[in-house]
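I have placed the structure first, in the form of structure tokens, so that the comments after it can refer back to it.
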2 protein chains.
Amino acid sequence: MRRLAVELDSSAMAIYRHVRDKDQLLVLLLDRLAAVVPRPRLPREPRRRLITACRAMRDGLAEYPWVVDVLAQGDLIAPSILWLMEEIVAGFVACGLSHAEAADGYRAVWQFTVGELIIKRGLERMANLGRPPYVLEVLTTVDPERLPTLAALAPHWAGARARDSYDIGLTALIDGLIADAPGR
Amino acid sequence: MRRLAVELDSSAMAIYRHVRDKDQLLVLLLDRLAAVVPRPRLPREPRRRLITACRAMRDGLAEYPWVVDVLAQGDLIAPSILWLMEEIVAGFVACGLSHAEAADGYRAVWQFTVGELIIKRGLERMANLGRPPYVLEVLTTVDPERLPTLAALAPHWAGARARDSYDIGLTALIDGLIADAPGR
DNA sequence: ACCTGAACACCGTTCAAGT
DNA sequence: ACCTGAACACCGTTCAAGT
């Protein structure tokens, strides 16, 4: 609030005439951003449509790093992003899930998306701080006697990290949700 | 740091003789907790073993709400939890994934787990604050003309929220990762 | 070697006062 | 109706000084 006030050439308290508190300001800002998320061209095939819609959601959220924090704070939603949510649940239904399953499915992809964004940002932050990749160091010096598989995986972590890991998990998650639906 | 100092009946700065900064203190604390995560009895069947190991990881992390924040901060790992990580990657390999795929698989379940914990904590926090469930309100008053599927899902959100949503997503994710592995 | 207190540079927010 | 400044109650951390 204080930094914003400086940017506005006003006092910190002037903001409080227009907004209840910092949280409310962030929610308003979030909805502005959501309104501006580009509407992607979605494939007709339901599974691909689903994946493309989730990807658009993730990319929209990834635009500004603070967005994830606001969403992680709790029970928040940007009404202007509901059309994307509609695409996702409709995609699940088109893939054969019941309404109850589609609700659970949405929750699952949402959880995965938030997790991916948070971890991605954490890695970027640490890289920007110039700290050495501590996790990689631990994972590449693991005792092959006690932890044989982990030791064998040592060469693969750096690659796994560098790759965009959203699509891998998302595709698996969606395929699993479709396959696990009792309707099949 | 200041609050801890009060609890220790010392000055805030006394802590800095023993610890570089707040981050380091949290990492040390994290490893203490990780050392104390109970070793669950794991089923022999690889898929179930994998799910049980992930569940143990999630439950261990869910014990203290601040743990997720520390982990989300970035590139952190508790060396005393490597045995659980070993179980998970070994489970993937036993299910037929290559080493590279097992690394990606671990990343995916890790992302999902962090996301689930963060969202769960957010919901709890909002509930403790006594705020009304804003998201539920939005989702149950959606325009059925513009967002038909979302409107049809309205009765299911409260239920989806109340249920433990970790197993649903985790099982789907793991099944998807196993099914998507090119080896099959 | 260990601890202290004052100080610095921040936060979000309340409250009384100004135009 | 809108804005201001002082103040309150916090943070993490530095630095010089104490035992």
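What's counted below: heavy atoms across the whole structure, side chains too, no hydrogens, waters or symmetry copies. Lettering follows sequence order; numbering is per chain, from 1.
Summarising the geometry, the separation between CE on A:M13 and C1' on D:dC3 is reported as 10 Å, rounded to the nearest angstrom. Whole-Å rounding puts the A:R2 CZ to D:dA9 P distance at 14 Å. The separation between A:L25 atom CG and C:dG12 atom C1' is 12 Å, rounded to whole Å. The nearest whole Å value for the distance from the CG atom in A:L8 to the P atom in D:dC3 is 10 Å. Look at OH on B:Y16: it is 15 Å from C1' on C:dG5, rounded to the nearest Å. Atom CZ of B:R3 is separated from atom C1' of D:dC11 by 9 Å (rounded to the nearest Å). Put simply, CG on B:L26 is 12 Å from C1' on D:dG12, counting in whole angstrom units. In this structure, CD1 of B:I15 is placed 10 Å from P of C:dT4, rounded to the nearest angstrom.
Side-chain atoms of B:D21 come within 3.5 Å of backbone atoms of B:Q24 as a donor-acceptor pair (strictly under, hydrogens ignored). The closest donor-acceptor contact from the side chain of B:Q111 to the backbone of A:T113 lies at 3.5 Å or more, if one exists at all.
The pairing partner recorded for D:dC2 is C:dG18, the criterion being a Watson-Crick or G-U wobble arrangement whose two distances lie under 3.5 angstrom. Searching all strands for a Watson-Crick or G-U wobble partner of C:dA7 with both distances below 3.5 Å returns D:dT13.
Side-chain proximity of A:H18 to the nucleotides C:dT13, D:dC3, C:dA7 is greatest for D:dC3. Comparing atom distances between the A:A14 side chain and each of D:dT13, C:dT13, D:dT4 picks out D:dT4 as nearest.
No more than 12 heavy atoms of other residues, nucleotides or ligands shown are found within 6.0 angstrom of OH on A:Y64.
Aromatic ring pairs are classed by plane angle as parallel below 30°, tilted from 30° to 60° and perpendicular above 60°; the pair A:F112 and A:Y166 is parallel.
Two residues, A:R17 and A:M1, neighbour DNA chain C, and the one matched to the more 5' nucleotide by heavy-atom proximity is A:M1.
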